[in-house]
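Because the structure is predicted, anything quoted here is derived from the model rather than measured.
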Amino acid sequence: VQLQAFGGGLVQAGGFLRLSCAASGRTFSSYAMGWFRQAPGKEREFVAGISWSGGSTNYADSVKGRFTISRDNAKITVYLQMNSLRSEDTAVYYCAATGSSQWYVMFKRPENYGMHIWGKGTQVTVSS
């Protein structure tokens, strides 16, 4: 599977954006998907993840209640709805895929990042 994230942009604090990650390949529905971000000078971090069926999701504490991950397997796309944006949400956002059934563990541990399939990122800038 190949991934491409888009939908980033410049938004004021308190605003919203929806990121999309388009996938290619007929095996998309067998992958758990995740969103990650990397701010300047910081390590890449997990933001949100969703199981292959969409029935299970998980979020970083910093985005709980503000961000929502979803997927449409028919459209082979995963989304990240970001509301109540803050300046600290400014980062390059990446989507990633893993075929592991332990997707939550795989996404949460940085030492596993090299095992994921990554797409190119999209810049999100939140102005205060």
Side-chain angles (χ1 to χ4, degrees):
V1 63
Q2 293 182 318
L3 308 172
Q4 176 66 60
F6 56 95
L10 174 64
V11 63
Q12 288 188 330
F16 63 91
L17 281 174
R18 188 174 84 154
L19 305 183
S20 300
C21 175
S24 61
R26 289 177 286 181
T27 60
F28 174 76
S29 61
S30 64
Y31 288 88
M33 300 296 298
W35 284 98
F36 297 74
R37 66 187 182 187
Q38 188 166 16
K42 295 188 176 181
E43 299 292 321
R44 189 170 298 191
E45 64 176 358
F46 169 77
V47 174
I50 188 166
S51 63
W52 66 271
S53 68
S56 179
T57 59
N58 198 275
Y59 297 90
D61 288 343
S62 58
V63 307
K64 279 181 182 177
R66 300 189 298 122
F67 291 10
T68 302
I69 188 171
S70 62
R71 67 188 295 161
D72 185 335
N73 286 343
K75 295 182 178 179
I76 54 175
T77 302
V78 63
Y79 305 97
L80 185 69
Q81 178 67 41
M82 306 187 294
N83 298 329
S84 302
L85 283 162
R86 305 167 181 169
S87 57
E88 54 263 40
D89 295 318
T90 295
V92 177
Y93 284 71
Y94 300 88
C95 57
T98 179
S100 172
S101 60
Q102 304 297 314
W103 60 270
Y104 172 69
V105 174
M106 293 295 289
F107 283 156
K108 287 286 284 186
R109 294 179 178 174
E111 60 267 32
N112 294 329
Y113 285 1
M115 301 173 68
H116 305 333
I117 299 169
W118 292 94
K120 293 183 179 180
T122 185
Q123 176 72 48
V124 172
T125 303
V126 184
S127 62
S128 57

Item checked: E45: partners by side chain to side chain contact (heavy atoms under 4.5 Å, CB included), with sequence neighbours left out -> R37
Check: Do side-chain atoms of Y59 reach the backbone of I69 as a donor and acceptor pair under 3.5 angstrom?
Finding: yes
Check: Any donor-acceptor pair under 3.5 Å linking the side chain of D72 with the backbone of K75?
Finding: yes
Margin query: Is there a path of hydrophobic side-chain contacts, each under 4.5 Å between heavy atoms of I/L/V/M/F/W/Y residues, joining Y31 to V78?
Written below: yes
Margin query: If I compare all heavy atoms of S20 with all of Y79, which pair ends up nearest, and what's the gap?
Written below: OG-CD2, 3.4 Å
Next item on the list: Specify the closest pair of heavy atoms between G7 and T122, including all atoms of both residues, with the distance to one decimal.
Entry: N-OG1, 3.9 Å
Checklist line | ILVMFWY network linking L17 to L80, side-chain heavy atoms under 4.5 angstrom | finding: yes
Note to self: According to side chain to side chain contact (heavy atoms under 4.5 Å, CB included), who are the partners of K42, at least two apart in sequence or on a separate chain?
What the structure shows: A39
Next item on the list: Name all pairs fulfilling the disulfide (SG to SG under 2.5 Å) condition that reach into residues 92-128, sequence neighbours left out, sorted by first residue then second.
Entry: C21-C95
Notebook entry, point to check: Does W35 share a hydrophobic cluster with V11, counting links as ILVMFWY side-chain heavy atoms below 4.5 Å and allowing steps through other members?
Noted result: yes
Margin query: Is it the case that the side chain of T125 and the backbone of L10 share a donor-acceptor pair, with hydrogens and angles ignored and the cut-off at 3.5 Å?
Written below: no
Margin query: So, using side chain to side chain contact (heavy atoms under 4.5 Å, CB included) as the criterion, who are the partners of A13 when residues are at least two apart?
Written below: V126
Item checked: W52 vs F28, ring pair (Phe, Tyr, Trp, His ring centres under 6.0 Å): CA-CA, chis, key distance, verdict -> CA-CA 8 Å; W52 66 271; F28 174 76; over 10 Å; no
Notebook entry, point to check: What is the minimum heavy-atom distance between L3 and A23, and which atoms define it?
Noted result: CD2-CB, 3.7 Å
Notebook entry, point to check: At their closest point, which heavy atom of L19 faces which heavy atom of Y93, and how far apart are they?
Noted result: CD1-CB, 3.6 Å
Next item on the list: Determine whether Y94 and F6 fall in the same hydrophobic cluster, where Ile, Leu, Val, Met, Phe, Trp and Tyr are linked whenever their side-chain heavy atoms lie under 4.5 Å apart.
Entry: no
Next item on the list: Output all residues satisfying side chain to side chain contact (heavy atoms under 4.5 Å, CB included) with R66, sequence neighbours left out; order by chain, then residue number.
Entry: V63, S84, R86, D89
Item checked: Check: S51 side chain, S56 main-chain N or O, donor-acceptor pair, under 3.5 Å -> yes
Would you list the atom pairs, donor with acceptor, under 3.5 Å between side chains in residues 100-117 and any protein atom, with sequence neighbours excluded?
unit_1, atom_1, unit_2, atom_2, d
S100, OG, Q102, N, 3.0
Y113, OH, F46, N, 3.3
H116, NE2, M106, O, 3.2

